[in-house]
Amino acid sequence: MNITFRWYGKGNDTVTLEQVKQIPGVKGIVWALHEKPVGDVWEIEEIQKEIEYIRSFGFHTDVVESVNVHESIKLGNAEREFYIENYKQTIRNLAEFGVKVICYNFMPIFDWTRTEMFHPLEDGSTALFYEKGKVENIDPKELIRTVTAASDLTLPGWEPEKLDHISELFEAYKKINEDLLWGNLEFFLREVLPVAEECGIKLAIHPDDPPWSIFGLPRIITGETSYEKLMAISDSPSNAFTLCTGSMGANPKNNMVEIAKKYASRSPFAHVRNVKIYEDGNFVETSHYTQDGSINIQGVIEELSNQNYSGYVRPDHGRHIWGEVCRPGYGLYDRALGTMYLLGLWDAHQVNKVGEKEWVQFTKI
Ligand code: DNO
């Protein structure tokens, strides 16, 4: 387990790399060029600048989250060829700097979706909240305004410019059902996977968050069946998954321990976080601690440890605690606590597995 921490860039994050450096066990920074418009090529000089800064703290830069996919590719329209070529060039440019994993998603229009960014929890902290009934009734434009108003910083997937094209996009997606979206994903993968493979990069698709259709838009990366379908598209080692316990696990039918058991070997990257799911389908994000939510985080880490998982793992969204003012879900404190929980679970399981004597040697390596 190679522990990483997501960071949004200098001037675009309330957390500094000096602070991240003090969280035990963090080896790498999960990064992206967040200022780049979706679909533009990430140029060598821009990548180099970001990477050099992160590496100057002794962190690796193996994982990028995300290189977002332009809507034309998801819609399969005439412009997709252009954007696919750009995507390929970005992959090649990232490979120049030794990037190993690119996380991406294939959600139409909206990325992660919540109705409240700072929902009060019983312990006095706040967290991201999803109210099913609200999403069923709210005007999507209103939701974009609510989400983007929550922070002055860029929120990936929630670019305010989206508002300018939202009606056109909804109109275009009227023609796209799940099957067609799968077809467009397949087209994209057939184009980019050979390039990724040649570059030694894994393209790790992120599950839809939440893993069900919203606003009548199709969502297709929702559970085990989606993984089976993805594997049927291509057996390239670059055709990979991002295992996200909180996204896929928001549907209680998805047993994340079983999913980790089956698909961790196809997942070079894992997001580990907890959510508390209510009977009405609402959910709230909690601390990473298993007992605080509905997802068996302990079981997931034990499963990864069983497999001696060597992929990249990051704590994911946390609560906003101790008065921290930060971007929604991405404060320092709760993700630092989450990191320690994940490492604790891992170490405890590993020690049981190999025995105290070997463990001591193992940690020395
Ligand atoms: C939200 C994140 C997502 C994720 C993308 C991956 O906090 O989990 O924005 O990065 O969906 O492409």
Side-chain angles (χ1 to χ4, degrees), residues 1-8 13-32 54 57 59-66 101 103 112 114 121 123 125-128 156 204 206-207 209 241-250 256-257 260 264 267-276 283-305 309-322 324 326-350:
M1 179 167 78
N2 188 323
I3 290 278
T4 57
F5 201 83
R6 190 176 195 185
W7 182 71
Y8 287 88
D13 204 316
T14 52
V15 178
T16 65
L17 291 188
E18 282 86 353
Q19 290 170 323
V20 180
K21 193 72 193 163
Q22 294 173 4
I23 308 171
V26 176
K27 296 197 175 84
I29 292 297
V30 171
W31 63 282
I54 297 171
F57 288 82
F59 292 121
H60 71 69
T61 47
D62 296 355
V63 187
V64 169
E65 176 179 354
S66 303
V101 177
C103 171
W112 56 280
R114 303 289 184 273
L121 299 181
D123 61 9
S125 64
T126 61
L128 299 166
H206 189 280
D209 182 7
F241 314 144
T242 297
L243 192 88
C244 180
T245 59
S247 300
M248 208 171 251
M256 291 317 296
V257 179
S267 311
F269 186 29
H271 294 173
V272 186
R273 69 176 161 91
N274 213 341
V275 287
K276 187 170 179 179
F283 63 86
V284 71
E285 303 196 357
T286 64
S287 83
H288 288 66
Y289 188 43
T290 301
Q291 277 79 347
D292 279 349
S294 309
I295 306 209
N296 184 357
I297 299 296
Q298 178 177 5
V300 169
I301 295 295
E302 286 184 359
E303 192 44 57
L304 296 183
S305 167
Y309 183 75
S310 59
Y312 305 94
V313 173
R314 70 168 179 83
D316 205 352
H317 310 170
R319 300 160 301 153
H320 320 107
I321 61 174
W322 303 333
E324 186 177 16
C326 55
R327 69 171 52 244
Y330 284 95
L332 171 67
Y333 305 141
D334 207 30
R335 286 188 298 154
L337 291 179
T339 305
M340 294 320 295
Y341 182 56
L342 304 184
L343 283 171
L345 288 172
W346 175 273
D347 282 6
H349 190 263
Q350 286 278 320

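In this text, all values refer to a predicted model and were calculated from it rather than measured experimentally.
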**OP:** Applying side-chain contact (heavy atoms from CB on, under 4.5 Å), run through Glu303 and Met256 and close with a yes or a no.
**Re:** CA-CA 10 Å; Glu303 192 44 57; Met256 291 317 296; over 6 Å; no

Subject >> Plane angle bin for His271 and His206 - parallel if under 30°, tilted between 30 and 60°, otherwise perpendicular >> reply: tilted

**OP:** Quickly, which of Asp334, Thr126, Thr286 forms a side chain to side chain donor-acceptor pair (under 3.5 Å) with Arg319? Name it, please.
**Re:** Asp334

Subject >> Closest approach of Phe269 to Tyr309 (non-hydrogen atoms, all atoms of both residues) >> reply: N-OH, 3.2 Å

Original post:
Out of curiosity, Leu304 CG to His349 NE2, how far, rounded to the nearest 0.5 Å?
Top reply: 10.0 Å

Subject >> Qualifying residue for side chain to side chain contact (heavy atoms under 4.5 Å, CB included) with Ser287, from Ile297, Ile321, Asp292 >> reply: Asp292

Original post:
Any idea which heavy atoms bring Gly246 and Ile295 closest together, and the distance?
Top reply: CA-CD1, 4.4 Å

Original post:
For Trp31 and Thr61, which heavy atoms make the closest approach, and how far apart are they?
Top reply: NE1-O, 3.1 Å

Subject >> Step-by-step side-chain contact (heavy atoms from CB on, under 4.5 Å) determination, Asn2 to His60 >> reply: CA-CA 10 Å; Asn2 188 323; His60 71 69; 3.0 Å; yes

**OP:** Starting from the C-alpha separation in whole Å, work towards a yes-or-no answer on side-chain contact (heavy atoms from CB on, under 4.5 Å) for Tyr312 and Val30.
**Re:** CA-CA 9 Å; Tyr312 305 94; Val30 171; over 6 Å; no

Original post:
Does a side-chain heavy-atom distance below 4.5 Å link Tyr341 with Gln298?
Top reply: yes

Original post:
Heavy-atom distance under 4.5 Å between the side chains of Val20 and Phe57, does that happen here?
Top reply: no

Subject >> Which atom of Phe59 lies closest to which atom of Val26, heavy atoms considered >> reply: CE2-O, 3.7 Å

**OP:** If the plane angle is over 60° it's perpendicular, under 30° parallel, otherwise tilted; pick one for Trp112 and His317.
**Re:** perpendicular

Subject >> Considering all heavy atoms, the nearest Gln350-Ser305 contact >> reply: NE2-OG, 2.9 Å

Original post:
Hey, does Ile23 have a side-chain heavy atom less than 4.5 Å from the side chain of Leu332?
Top reply: yes

Subject >> Asp316 vs Arg6, side-chain contact (heavy atoms from CB on, under 4.5 Å): CA-CA, chis, key distance, verdict >> reply: CA-CA 8 Å; Asp316 205 352; Arg6 190 176 195 185; 5.7 Å; no

Subject >> Carboxylate-amine/guanidinium contact Arg114 Asp209, below 4.0 Å >> reply: yes

Original post:
Rounded to the nearest 0.5 Å, what separation is found between the CG atom of Asn296 and the CD1 atom of Ile301?
Top reply: 10.5 Å

Original post:
For atom OH of Tyr289, is the number of surrounding heavy atoms from other residues, nucleotides or ligands below 6.0 Å larger than 12?
Top reply: no

**OP:** Compare every heavy atom of Thr339 with every heavy atom of Ile3, then report the nearest pair and how far apart it is.
**Re:** CG2-CG2, 3.8 Å

Original post:
Measuring from Thr4:OG1 to Asp62:CG, what's the distance to the nearest 0.5 Å?
Top reply: 9.5 Å

Subject >> Euclidean distance, Asp13 CG relative to Gln19 CD, rounded to 0.5 Å >> reply: 9.0 Å

Subject >> Point-to-point distance, once rounded to the nearest 0.5 Å, from CZ of Arg273 to CZ of Arg314 >> reply: 8.5 Å

**OP:** Report yes if the side chains of His320 and Tyr333 come closer than 4.5 Å at any heavy-atom pair, otherwise no.
**Re:** no

